[in-house]
Asker: 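Take this structure first; my questions come after.
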Amino acid sequence: MKVWEELVSAALVGTERRPFPLERLHEVAGEGVPDIAEAEGQVLAAAAVVDGYRRAGRVPERRRAGQALAVAPPHDRPPSSATAAQLLALLLSGMVGVAGGSDALLQTWLVACAAARQRPPDGMLARLLDLGTASPRLRPAIVAAVGARGAWLGSLNPQWAWAVGAGEAKADYATATTAERVALLADLHGRDRAVARELLASTWASEPAADRLALLNALASGLDEDDEPFLEETLDDRAGSVRAAAAELLDRLPGSRRAARMADRARALVRAEGRFRRHLVLQLPEALDASARRDGITDAREKGTGLHAAWLVRIVASTPLEVWEPHLGLPPTEAVAKAATDAPELVAAWERAALAQRNERWALALLRHRPSPALVGVLSPPAARRYAEEALRGSNPPEARFFDALAVPGPWDAALSKLAVERSRAAPSASLPRISGALAARLDPSVLPVVEEWIEDTADERALRDVRALAHALSIRATIAQEFS
């Protein structure tokens, strides 16, 4: 609201240097404005009126000429309990001092609310939608919790466009701003990929390069093989930045035509030799033809890496990982072990491929070679839990494998949670802020008594503050679980 911003500016700078004309207030409050002569009084009166408007609501920003606003849909779920609502208000206030911040607890609240088939209070919907605008990773949980009423409210404000349903998104896409369309596409591509692709194609030819790049990157959420034809065509885009983005997205599709072309190149460059003692041999590419350039192999390279070696890494990183076992005659674990000594650049390329292709088997093989929280994110929940338990039992903070274990997404079960607390108690004070934040987002609330014992045994003031923050977070999560049980 520009009027409010002008009021704040006048109050900060002073009415002598920046007076606030009372006529500006008529834009908000119409004719019901008190007639005040003094400049200071005008600012105070205007602030009181505008603040009331800001608290009460706003005029919908998205309204088609001659078309009445749609009526809010009826509620299909009962409201959350008064205690749960109070807890949500406290978390939204940003004044809860807990380990890891309030976002993880807000995620817990929203997921539990949706799972219990309840809804947040109507008065908090706008604040939740504002939160989703600022924190995209919370959007799926917010959409699930606010339901149809939240989607209706989202249709009235372009900043909340990510919360609307597919039908509303189709209606508004052509006239929305670039930022709004990016938000719509990113959300829709995770829910209705066919509609997202249809909308993207509807304006693609007329978009400037910067907008094409932003819209293309919105497809990253939920990418699948049905997106491959469009991405293959985009390799011929007139803008180099858009072609590069299409190539990176195709790295995630090991079944694509581009992946097959990369595999043909890679087989000619990497081989295993030796009948009894296998070793890896690399042949650097001598030059790039037009087809390789089209597929996104460029001259960009990291400092200290030769140009031809950079080409090789890019080719291998874009090759389907399933190619290597039959081609080399080595399972992933052995291939990574050989590469670590014979061709280290292969390890880096395979890591990039495992992350892009979400290949669990290769991620596990690479994790045995060196820790990587990013690769831990590739693992399925059962494999991740096994890896976390193994890493916790075999390392101590601040070792890298210990923090690998803390990267395993939650919620954890009671047994893994207890093990994590027991192992964390030996951590140096300097590591505790990082550890307590990770544990707060993952631990089962049932281990709260174990954390309270940790508090009793902690004398160091700095460590005590971090452990108490962890206990506070767990007590809130326990309350959330109780209210939605």
Side-chain angles (χ1 to χ4, degrees), residues 1-2 4 27-28 53-80 85 88 92 106-107 109-111 113-114 117-204 207 211 214-215 217-219 221-222:
M1 181 180 290
K2 291 183 178 179
W4 180 256
E27 298 177 11
V28 176
Y53 272 77
R54 294 175 82 240
R55 290 173 180 271
R58 70 180 74 189
V59 176
E61 298 174 49
R62 177 175 292 166
R63 183 174 183 177
R64 298 179 185 86
Q67 182 176 358
L69 292 174
V71 177
H75 288 302
D76 57 354
R77 291 177 281 178
S80 61
L88 176 60
L92 287 172
L106 280 165
Q107 175 95 9
W109 194 101
L110 293 164
V111 170
C113 180
R117 299 296 301 161
Q118 297 180 25
R119 58 180 172 85
D122 286 347
M124 295 185 191
L125 292 181
R127 293 169 69 186
L128 285 170
L129 294 173
D130 279 340
L131 175 67
T133 299
S135 303
R137 68 186 188 87
L138 290 175
R139 289 177 184 176
I142 291 172
V143 169
V146 302
R149 182 67 63 94
W152 167 82
L153 192 59
S155 70
L156 305 182
N157 182 351
Q159 293 182 341
W160 301 336
W162 53 268
V164 304
E168 184 72 25
K170 286 185 69 173
D172 292 333
Y173 185 83
T175 58
T177 66
T178 300
E180 293 164 9
R181 281 181 287 149
V182 168
L184 286 170
L185 279 180
D187 181 62
L188 277 173
H189 201 250
R191 292 187 287 151
D192 193 331
R193 296 183 182 94
V195 170
R197 286 190 293 270
E198 176 188 343
L199 292 178
L200 180 63
S202 66
T203 63
W204 182 259
E207 301 284 0
D211 290 356
L215 294 167
N217 284 329
L219 296 183
S221 173

Asker: Just verifying a value: how many Å separate Asp130 CG and Ile142 CD1, rounded to the nearest 0.5 Å?
Answerer: 9.5 Å
Asker: Are any non-hydrogen side-chain atoms of Pro120 and Ser80 less than 4.5 angstrom apart?
Answerer: no
Asker: Looking at every heavy atom in both Ala163 and Val143, which two are closest together, and how far apart are they?
Answerer: CA-CG2, 4.3 Å
Asker: First locate atom CD of Gln107, then atom CG of Leu110, and finally report the distance between them rounded to the nearest 0.5 Å.
Answerer: 7.0 Å
Asker: Search all heavy atoms of Thr133 against all heavy atoms of Trp160 and return the closest pair with its distance.
Answerer: OG1-CD1, 3.4 Å
Asker: Determine the minimum heavy-atom distance between Pro140 and Pro136, stating which atoms define it.
Answerer: CD-O, 3.8 Å
Asker: Decide yes or no for Leu88 and Leu106: does some side-chain heavy atom of the first lie under 4.5 Å from some side-chain heavy atom of the second?
Answerer: yes
Asker: Where is the tightest heavy-atom contact between Leu185 and Ala196, given as atom of each residue plus distance?
Answerer: CD2-O, 3.3 Å
Asker: With side chains defined as the heavy atoms from C-beta onward, is the minimum distance between Val146 and Leu153 less than 4.5 Å?
Answerer: no
Asker: Could you state the interatomic distance from CZ (Arg139) to CG (Leu129), rounded to the nearest 0.5 Å?
Answerer: 10.5 Å
Asker: Minimum heavy-atom separation for Pro73 to Trp152, with atom names?
Answerer: CD-CB, 3.5 Å
Asker: Rounded to the nearest 0.5 Å, how far apart are CZ of Arg181 and OG1 of Thr203?
Answerer: 5.0 Å
Asker: Name all pairs fulfilling the salt bridge (Lys or Arg N to Asp or Glu O under 4.0 Å) condition that reach into residues 143-161, sequence neighbours left out, sorted by first residue then second.
Answerer: Asp122-Arg149
Asker: Spell out, as yes or no, whether a donor-acceptor pair under 3.5 Å connects the side chain of Arg77 to the backbone of Ala145.
Answerer: yes
Asker: Measuring from atom CZ of Arg119 to atom CG of Asp76, what distance do you get when rounded to the nearest 0.5 angstrom?
Answerer: 9.0 Å
